2 protein chains.
Amino acid sequence: MNASRLRADAAENRARIVEAARSVVSASGELKLNAVARRAGVGQGTLYRHFPTREDLLAEVYRHDVEELVAAAPLLLAEHDPVTALARWFDRVADYARVKREVFAAVEVGVWQDLSTGSVGPIGDAITALLDAGRAAGVVRPDVDARDVILLLGCLTRLDDAEWDTRARHLLHVVLDGLRLREG
Amino acid sequence: MNASRLRADAAENRARIVEAARSVVSASGELKLNAVARRAGVGQGTLYRHFPTREDLLAEVYRHDVEELVAAAPLLLAEHDPVTALARWFDRVADYARVKREVFAAVEVGVWQDLSTGSVGPIGDAITALLDAGRAAGVVRPDVDARDVILLLGCLTRLDDAEWDTRARHLLHVVLDGLRLREG
DNA sequence: TGGACAACCGGACACCTGTCCGCTAAAGTC
DNA sequence: GACTTTAGCGGACAGGTGTCCGGTTGTCCA
């Protein structure tokens with residue numbers, strides 16, 4: 001649908017840019033926009049037209065990972081009680097994030113990509129499902145939404161590698177506790 | 001002590017840079033490093049030698065605010081129970097952050113500025129005091145430290161202005177709940 | 001007071017980001 | 001197949017960041 005509205009050369013360029021970005025990221029761990037453009041054999045303008053911000057490009061590069069994350073939510077809910085499902089899902093986010101920190105940018109942009117429509121994006125939907133289940137079971141506080149959770153998870157991005165192992169899970173536990181309904 | 005180990009001209013340059021930064025920030029709301037250097041009448045190299053990163057400069061510019069925040073902690077503890085004190089202190093952080101988002105950068109760098117020495121910086125000390133009081137009273141979970149709190153507070157920086165009013169306090173409540181010890 | 005040394009200065013430079021605009025060549029029409 | 005329209009191309013350019021190094025100038029000691 002989207003592709004068919006693109007001119008043939010534009011579609012090809014877009015694909016080449018994404019591929020170039022992927023290889024630049026996996027080679028250097030960094031993402032330099034002009035390096036991507038050079039490698040893809042396109043001009044800077046072309047790159048920026050297809051992906052206005054660095055995050056848009058990242059979102060495309062990591063779309064596969066994001067989709068996996070999204071798909072995991074209902075599976076976890078089917079197997080576990082809501083709080084455990086949420087905890088496991090957080091663990092999964094942490095796993096992705098340790099290896100490729102950039103996934104977070106993709107997640108964040110993925111969540112808000114159609115902010116205007118009122119929808120909250122695929123990741124937002126996954127989180128909403130987890131929260132809803134918890135609310136229905138009376139174990140998650142009713143006044144949080146997906147955006148809140150995304151924001152809270154965002155604190156992981158500030159961790160540096162050295163402290164990741166000691167702190168990441170721990171922070172997620174604290175966040176999880178904050179999301180749970182306090183009985184009493 | 002620090003000043004006396006600096007050469008006279010170096011000290012004066014440093015002061016001029018900070019003053020220039022202050023006026024640039026208050027004039028434009030932004031902080032362009034080369035504009036600061038120009039205004040201070042020093043070269044780029046000089047600026048970067050004194051303040052290796054933008055955050056270092058920000059920390060100096062906002063040191064006054066940071067000190068106020070630090071001073072508030074013991075006062076709040078004297079007047080309120082630990083959890084309330086923590087809540088009020090969070091409110092205070094939010095107040096600063098709304099007006100000048102940059103304060104956060106200052107806070108973060110202020111916390112870690114002498115990471116090597118094992119100390120956690122002035123803000124870190126303030127937070128530690130709040131947490132310790134809560135722990136002693138058995139109302140704050142024992143396994144969190146100042147760094148965790150800073151990280152969690154950091155999520156506020158991702159808020160954009162439009163959603164600040166509806167979300168900031170709310171997020172802080174969730175974080176606070178996560179920090180509290182769950183009875184039962 | 002003067003000389004030596006190191007700390008310090010300043011701006012040139014290399015790099016990255018993001019924008020703008022004249023030109024090219026696809027896509028649709030007859 | 002020629003012609004028009006216009007989406008899309010690409011690279012020049014402006015602006016910002018951070019580094020490097022030859023020259024300068026405080027500071028200390030004799």
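Remember, it's a predicted structure, so these values are computed and weren't measured experimentally.
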Quick one: [X] [atom1] to [N] [atom2], roughly how many Å, whole number?
X       : N      : atom1 : atom2 : value
A:Tyr48 : D:dG11 : OH    : C1'   : 13 Å
B:Asn34 : D:dT17 : CG    : C1'   : 8 Å
A:Lys32 : C:dG18 : NZ    : P     : 15 Å
B:Leu33 : C:dG10 : CG    : P     : 16 Å
A:Glu55 : C:dG18 : CD    : C1'   : 13 Å
A:Gln44 : C:dT17 : CD    : C1'   : 8 Å
A:Arg14 : C:dA26 : CZ    : P     : 20 Å
B:Phe51 : D:dT17 : CZ    : P     : 15 Å

So, [X] versus [Y]: side-chain donor-acceptor pair below 3.5 Å or not?
X        : Y        : result
A:Arg147 : B:Thr166 : no
A:Thr128 : A:Asp125 : no
A:Thr46  : A:Arg16  : no

Between D:dT17, D:dA12, D:dG8, which one does the side chain of A:Asp9 approach most closely?
D:dG8
Nearest-neighbour nucleotide for the A:Ala8 side chain, D:dC9, C:dA26, D:dA12 considered
C:dA26
Counting only side-chain N and O atoms of [X], is one of them less than 4.0 Å from OP1 or OP2 of [N]?
X       : N     : answer
A:Thr46 : D:dG8 : no
A:Asn13 : D:dG8 : no
A:His50 : D:dC9 : yes

Please state whether the base of D:dA7 and the side chain of A:Arg7 form at least one donor-acceptor pair under 3.5 Å?
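Side chain to base: pair present.
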Is there a salt bridge (Lys or Arg N to Asp or Glu O under 4.0 Å) between B:Asp95 and B:Arg92 once you walk through the steps?
CA-CA 5 Å; B:Asp95 286 342; B:Arg92 196 120 177 199; over 6 Å; no
Quick one: CG on B:Leu172 to CG on B:Leu153, what's the gap to the nearest 0.5 Å?
6.5 Å
Could you check whether A:Arg49 gets within reach of a base, just the sugar-phosphate, or nothing at all, counting any heavy atom under 4.0 Å?
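Base contact.
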